[in-house]
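This is a predicted model, so every value here is computed, not measured.
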Amino acid sequence: MFEVVEERLINELRGSLVVPEDKSVVDWCEENIVLSSLQTSSPGPYSTRLTPYVRDVLNDFSDPDIELETLCFGSQTAKTQIMMSGLSWSLVNNPSPTLWVMPNEKLAGAFSEARLQPIFESCPELMERKHPNRYKYKKLSMEFTGAILSIIGSNSPANLASRPVGTLIQDEVDKFAEANRKEANASELAEQRTRTFASPKILKTSTPTTADGLIWVALNLGTMHRFFVPCPHCSELMVLVFNPVRSAMPKTGKEATLRWDPKAKGPDGWDFEAVERSTFFECPHCEGQVLEKHKTQLLRSGEWIATNPKPEPRHVSRHLPTFYAPWRKAAWGRLAVEFLQAKESVDGLKGFINGVLAEPDIGQFEGGDGGRTEAIVESTEPLVETIRIMTADRQIDHHWYAVREFTKDGDSRLIEWGKCQTEDDLEDIRARLEVAPDLTGVDSGFEGPQVYQACARFGWFALRGDARETFSMRDPKGRRFEVPYTVRQLDPWIGTKYQGNKKVAELRWSNPTIKDILATLRNKEKSPVKWEVPEELATDEYWRHLDGEHKARDFNFRTGKVVYKWKKRSRHWPNHLLDCEAMILAVAVKLKILKTRPVEQHD
């Protein structure tokens with residue numbers, strides 16, 4: 001009898017054990033994961049055929065000698081798919097308590113429901129390990145045999161500091177919550193949870209933002225692997241770089257440069273179709289033209305090569321710009337056009353540098369010769385077909401105001417600036433300068449209720465600066481994108497007998513983003529449109545206000561992180577006209593008089 005029981009127990013134990021096969025992570029993923037039409041334009045079994053650069057990254061999931069993997073990747077390079085596929089393998093073949101951290105909980109929930117769980121559910125081997133109790137398989141917490149997966153937002157310190165984990169995935173770390181007086185930054189809090197495991201696995205990914213951002217710092221501490229490909233003409237290895245002279249990456253001497261026909265630029269600007277047709281990479285060895293049609297061959301023959309001679313132990317870091325992505329939107333000609341369009345946009349090149357080049361914006365594409373950079377003009381020739389915008393900055397007993405007129409192409413000229421006492425004075429100035437009431441705004445950051453009531457009385461709107469860089473919006477198709485403003489409706493008479501009679505619009509604008517745009521427009525050599533100040537208005541007092549803030553380095557001694565913020569030069573230095581000009585730009589951006597490029601949120 002005891003022999004029968006013993007045999008039955010042995011059989012049960014055998015059935016519960018995962019016996020690893022001699023199979024790579026890539027092979028397992030391609031055999032077990034299926035992508036639906038909701039996740040890809042090429043539904044079916046997962047394949048790395050088009051993106052061979054992901055193979056080494058996936059196989060690193062099974063390498064016990066690698067503790068930290070940092071991926072500083074450009075957009076459309078399949079980095080999210082890498083993480084989902086590698087995690088699926090881990091939950092089956094190396095299960096442990098797992099934590100996936102995203103910038104915020106709302107994003108985490110949407111990602112889990114729309115992308116992660118469909119991947120899991122396409123994998124029968126993983127679903128066999130799913131807990132049968134449906135309450136243990138929810139959007140933000142999923143239990144499998146030997147592992148519990150938690151998905152949280154970086155803005156939840158309590159969740160970050162709870163139970164230990166053996167596998168940690170940090171997604172878009174440069175957007176994580178920063179440190180404060182009570183807590184370390186979110187990335188540090190999450191990594192502290194892996195310390196009780198002898199061989200934890202930490203994956204850190206993001207497109208970079210600044211040179212002091214988490215992902216760029218981590219990239220430089222690791223091996224700094226880069227994907228080298230052989231030239232189709234001379235077979236020498238090269239790495240694809242937009243412009244080696246201006247790149248933030250260390251030089252290797254093997255950088256291929258993106259080029260296009262300079263004759264594509266005529267007197268009326270760039271012929272974007274000609275640019276797209278003529279774009280190629282120039283080999284640094286033989287100067288041969290490497291064309292888009294060669295990309296598939298390049299990727300299949302490419303290899304990751306470490307470029308940091310003194311990396312941290314057990315830390316592999318990798319850099320990959322969008323030029324390597326095989327998709328149509330990442331065609332080299334399209335990316336060249338995107339660069340030229342971004343260069344002509346008031347937003348500048350920050351999005352292109354971060355998202356496509358996978359580099360921080362360190363001013364690598366800026367020029368400048370110092371001194372007064374603004375366009376100071378004789379206001380003799382009037383602008384045609386203009387629209388006027390007026391904004392005011394309220395103080396204790398007076399208002400500073402500015403009025404600027406814009407053409408339909410975004411060129412603008414200052415009409416008047418000054419100081420007045422009351423809201424009635426502002427209304428008189430508005431009427432005299434023929435500014436429409438609904439194009440007149442007052443800052444509501446000081447004495448907001450009084451400002452809202454004045455706006456309701458005169459038909460104006462309110463403005464308020466915000467520390468956020470962007471605000472989320474959705475287009476008619478439901479796709480989410482980021483813009484530097486948002487609008488809300490307020491009741492100026494709430495709590496009074498007049499409550500509900502009238503609403504006032506308040507335009508919240510991004511202080512950092514709009515002031516970055518203003519800084520670009522003030523430099524006549526860099527600005528894509530004319531931003532003019534007539535000679536008679538370009539006084540020392542005006543410039544003192546406009547120069548009242550500068551972008552200063554802000555060092556956090558606790559985290560060691562550096563950020564750059566717009567700050568007043570001193571407590572008593574005036575900046576009211578700077579705020580007025582910034583608010584005018586915020587309105588112009590909202591009205592699409594100034595053409596910005598909304599940042600679409602995608603993986």
Candidate list L298, L357, V241, T77, test side chain to side chain contact (heavy atoms under 4.5 Å, CB included), partner F323, passing option:
L357
Using the ring of each side chain (for Trp, its six-membered ring), is F339 parallel, tilted or perpendicular to F242, with breaks at 30° and 60°?
tilted
State whether Y137 and K130 meet the cation-pi test: NZ (Lys) or CZ (Arg) under 6.0 Å from the six-membered ring centroid, and within 45° of the perpendicular axis.
yes
Can you establish whether the number of heavy atoms outside K251 located under 6.0 Å from its atom NZ is more than 12?
yes
K568 atom NZ: more than 12 heavy-atom contacts under 6.0 Å
yes
With the threshold set at 4.0 Å, does a side-chain nitrogen-carboxylate oxygen contact exist between R55 and D60?
no
Check: Q170/T205 side-chain N/O donor and acceptor closer than 3.5 Å
no
Taking S510's backbone N and O only, do any of them form a donor-acceptor pair with T513's side chain (distance below 3.5 Å, no angle check)?
no
Those residues at least two apart in sequence (or on a different chain) that pass salt bridge (charged side-chain N to carboxylate O under 4.0 Å, His left out) with E67 are R314
Within 45° cone of W304 ring axis and under 6.0 Å: R318 NZ or CZ:
yes
Take E276 and T279 through the side-chain hydrogen bond (donor to acceptor under 3.5 Å, both in side chains) test and state the conclusion after the steps.
CA-CA 6 Å; E276 187 170 344; T279 299; over 6 Å; no
Of all pairs that satisfy salt bridge (charged side-chain N to carboxylate O under 4.0 Å, His left out), the ones with a partner from residues 197-206, not counting sequence neighbours
E191-K204
I'd like to know if R259 pairs up with E282 as an ion pair, taking the criterion as any Lys NZ or Arg NE/NH1/NH2 lying under 4.0 Å from an Asp or Glu carboxylate oxygen.
yes
Salt bridge flag under 4.0 Å for residues E312 and K310
no
Polar contact flag, side-chain donor to acceptor under 3.5 angstrom, Q76-T322
no
